[in-house]
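Letters A, B, ... are given to chains in the order of the sequence lines, protein chains preceding strands, and every chain is numbered from 1.
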There are 2 protein chains.
Amino acid sequence: MTRKENRISEKTIERLSVYRRYLKDLNKKGKDRVYSHELSQIVSGTAAQVRRDLMEVGCNGCSSKGYEISLLIKEISKVLDCSKKENIALIGVGNLGRALLGYFSGARDNYDIVAAFDNDPAKYNRIICGRRCYSMEQLPNMIDELKISTAILAVPAESAEKEAQNLIDKGIKAILNFAPRHITTGSGVFIETLDMTSALEKAIYFSRKNT
Amino acid sequence: MTRKENRISEKTIERLSVYRRYLKDLNKKGKDRVYSHELSQIVSGTAAQVRRDLMEVGCNGCSSKGYEISLLIKEISKVLDCSKKENIALIGVGNLGRALLGYFSGARDNYDIVAAFDNDPAKYNRIICGRRCYSMEQLPNMIDELKISTAILAVPAESAEKEAQNLIDKGIKAILNFAPRHITTGSGVFIETLDMTSALEKAIYFSRKNT
DNA sequence: ATCACGCTGTGCAATATTTCACAACTCAAG
DNA sequence: CTTGAGTTGTGAAATATTGCACAGCGTGAT
């Protein structure tokens with residue numbers, strides 16, 4: 001009964017994603033092994049922290065030779081990725097939404113924004129960065145059809161809560177929210193808010209405080 | 001000697017920014033007092049945490065009537081804002097850079113993106129969302145002239161480190177980095193990376209794990 | 001005036017996260 | 001084979017962050 005009640009922390013998940021991206025780079029450059037202290041630099045952490053993170057995915061380092069990169073990528077992916085490619089929906093095709101379509105256009109192995117949605121009829125059926133824009137009414141159908149469980153929310157602050165609630169009602173399980181409004185939900189839906197405004201204000205604050 | 005060695009934590013600073021934005025909204029709606037438990041909802045925290053945060057800015061609540069909104073805004077601003085308007089530089093005028101110019105275009109009281117920079121000569125002197133785009137060579141001059149100490153970095157991953165180092169060399173004190181690469185620096189420069197890729201991968205992960 | 005209610009301020013406990021530090025291991029060289 | 005340098009895995013300490021719980025206070029009702 002080795003029930004893995006190994007709830008990996010949010011911070012660790014974030015770092016795993018960062019490690020993997022870096023490991024893929026290293027792989028391309030022909031490197032095949034890596035030490036924990038090398039990885040620690042790219043997340044501004046300690047080597048011990050990296051080793052701890054990597055233990056969560058199955059602890060496959062080797063003393064004195066470090067970690068095998070391709071194996072690490074495989075193990076991290078086993079944790080982060082679904083077995084099949086994940087379909088993502090983008091809600092809100094304004095400036096930011098379009099930029100996000102471009103940003104996430106690269107060759108992603110295990111997820112892809114497959115459809116965009118907006119309230120503006122002028123945008124319906126337009127194709128932006130290779131993805132078609134649909135009306136919000138079509139959202140439920142598309143969710144079912146494409147088995148979408150994750151959405152990116154890039155709508156104005158005023159409509160963020162409403163749209164988020166709509167997504168939740170339609171069965172979305174996680175939301176990456178770019179609207180400057182923190183979404184509250186009672187349900188078990190995971191909501192990550194990337195608050196660019198507070199991030200910038202924080203940077204401004206520390207630009208004065210640091211040294 | 002009441003030296004305020006009161007280093008406010010990063011998390012608290014972020015929340016203060018969120019509180020303030022919400023308080024300004026409330027103010028516009030004509031509300032003039034607020035309770036800690038109301039504020040706690042917008043950051044998914046507890047009322048106690050809010051009160052603690054507010055204590056950091058000068059503890060001006062009042063039993064049973066809550067906090068006076070306009071006073072709170074003033075006190076939070078005293079902490080977050082510089083005395084004069086902060087000038088921000090945007091580095092990288094691609095899709096994302098342009099979207100950010102739009103995003104930060106609203107009426108911001110205490111900071112503003114005043115100039116954009118790019119390596120692409122086709123963009124020089126073009127005006128985007130009201131800001132002129134300059135060549136990277138002009139960066140040092142503009143930093144001096146406009147007293148810029150904070151920059152937003154929206155360049156491709158490949159050039160992120162190089163440009164970041166350039167910014168640091170030129171005297172920038174804080175960087176809000178959107179490139180999917182964690183910037184390491186020995187200096188006291190504050191770097192906040194908004195890693196949209198790892199945020200999305202985290203969301204995808206928890207879309208499967210939650211409930 | 002008195003009382004009950006609801007909120008703030010905060011010591012303290014609980015939790016989460018990071019770092020330290022060291023035994024165990026691998027490899028290469030002598 | 002033995003030694004030494006360098007790395008991993010991890011218990012335990014250290015630190016950071018959050019939540020609990022309650023004393024104290026202002027307010028409005030009686």
Side-chain angles (χ1 to χ4, degrees), chain A residues 4-19 23 26 31-69 71-72 75-76 79 182 184 190 192 198 202 206 209, chain B residues 4-19 23 26 31-69 71-72 75-76 79 182 184 190 192 198 202 206 209:
Chain A
K4 280 223 294 187
E5 194 47 88
N6 220 353
R7 203 64 172 177
I8 305 181
S9 83
E10 274 194 46
K11 296 241 175 111
T12 295
I13 293 293
E14 271 177 37
R15 283 191 299 261
L16 287 175
S17 164
V18 174
Y19 299 148
L23 291 168
L26 289 183
K31 211 155 176 287
D32 66 340
R33 307 202 74 92
V34 70
Y35 297 122
S36 59
H37 65 258
E38 299 176 87
L39 284 173
S40 73
Q41 295 176 334
I42 66 157
V43 292
S44 322
T46 63
Q49 184 178 59
V50 173
R51 293 199 295 273
R52 233 171 244 289
D53 287 341
L54 295 183
M55 273 177 48
E56 306 264 26
V57 305
C59 187
N60 29 32
C62 160
S63 316
S64 131
K65 287 194 335 192
Y67 298 84
E68 191 185 333
I69 290 178
L71 186 58
L72 262 192
E75 293 297 327
I76 292 177
V79 171
H182 284 243
T184 64
F190 178 84
E192 170 80 357
S198 72
K202 178 164 73 157
F206 284 105
K209 299 296 167 180
Chain B
K4 280 221 296 184
E5 195 47 87
N6 219 354
R7 204 64 170 177
I8 304 181
S9 83
E10 275 194 46
K11 298 243 175 109
T12 295
I13 293 293
E14 271 177 40
R15 284 191 298 262
L16 287 175
S17 165
V18 175
Y19 298 148
L23 290 168
L26 289 183
K31 212 157 176 287
D32 66 340
R33 306 202 75 92
V34 69
Y35 297 123
S36 60
H37 65 259
E38 297 177 89
L39 284 173
S40 73
Q41 294 177 334
I42 65 158
V43 292
S44 322
T46 62
Q49 184 179 56
V50 173
R51 294 198 294 271
R52 233 172 248 286
D53 287 339
L54 295 183
M55 272 176 50
E56 306 264 27
V57 305
C59 187
N60 30 33
C62 159
S63 315
S64 126
K65 287 194 334 193
Y67 298 83
E68 191 185 333
I69 290 179
L71 185 58
L72 262 192
E75 293 297 326
I76 293 177
V79 171
H182 284 242
T184 64
F190 178 83
E192 170 80 356
S198 72
K202 179 165 72 157
F206 283 105
K209 298 296 168 184

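Whole-Å rounding puts the Tyr35(A) OH to dT7(D) P distance at 6 Å. Regarding Glu10(B), its CD atom lies at a distance of 12 Å from the P atom of dA16(D), rounded to whole Å. Counting to the nearest Å, the C1' atom of dT15(C) and the NZ atom of Lys11(B) are 12 Å from each other. Remark: C1' of dT7(D) and CD of Glu68(A) are 16 Å apart, rounded to the nearest angstrom. dT8(C) atom P lies 8 Å from atom NE2 of His37(B), rounded to whole Å. As a whole-Å value, the separation of Gln49(A) CD from dA14(D) P is 19 Å. Rounded to an integer number of Å, the gap from Arg51(B) CZ to dA21(D) P is 13 Å. The CG atom of Asp53(A) sits 16 Å away from the P atom of dA16(C) (whole-angstrom rounding).
No engagement by Arg33(B) is indicated, since no non-hydrogen atom pair under 4.0 Å with the nucleic acid exists. Residue Thr12(A) is out of contact with every strand shown, counting any heavy-atom pair closer than 4.0 Å.
For the pair Ser63(A) and dA24(C), the criterion of a side-chain N or O lying under 4.0 Å from OP1 or OP2 is not met. At dT18(D), one or more side-chain N or O atoms of Arg15(B) fall inside 4.0 Å of OP1 or OP2 (strictly under the cut-off). Remark: Ser36(A) is in phosphate contact with dT8(D), judged by side-chain N or O atoms under 4.0 Å from OP1 or OP2. The side chain of Lys65(B) contributes no N or O atom lying less than 4.0 Å from OP1 or OP2 of dC7(C). For the OP1/OP2 pair of dT26(C) and a distance below 4.0 Å, the side-chain nitrogens and oxygens of Tyr67(A) include no atom meeting the criterion.
For dT26(C), the base has a donor-acceptor partner in the side chain of Ser64(A) [N/O atoms by modelled type, under 3.5 angstrom].
The two atoms that bring Lys209(B) and Arg7(A) nearest to each other are O-NH2, 3.3 Å, heavy atoms only.
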Please lay out, stage by stage, how Ile13(A) and Phe206(B) fare under the test side chain to side chain contact (heavy atoms under 4.5 Å, CB included).
CA-CA 9 Å; Ile13(A) 293 293; Phe206(B) 283 105; 4.3 Å; yes
Intermediate values then yes/no, side chain to side chain contact (heavy atoms under 4.5 Å, CB included), Lys11(A) and Gln49(A)
CA-CA 11 Å; Lys11(A) 296 241 175 111; Gln49(A) 184 178 59; over 6 Å; no
Would Val43(B) and Asp53(B) count as a side chain to side chain contact (heavy atoms under 4.5 Å, CB included) if you check the C-alpha gap in whole Å, the side-chain angles of each, and the deciding distance to 0.1 Å?
CA-CA 12 Å; Val43(B) 292; Asp53(B) 287 339; over 6 Å; no
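When the nucleotides dT17(D), dG11(C), dT19(C) are ranked by their closest atom to the side chain of Ser9(B), dT17(D) comes out on top.
Annotation: of the two residues near DNA chain D, Gly66(A) and Ala48(B), the 5′-most nearest-nucleotide partner is Gly66(A).
Residues Glu56(B) and Arg15(B) are not paired through a salt bridge, judged by the lack of any N-O separation under 4.0 Å between the basic side chain and the carboxylate.
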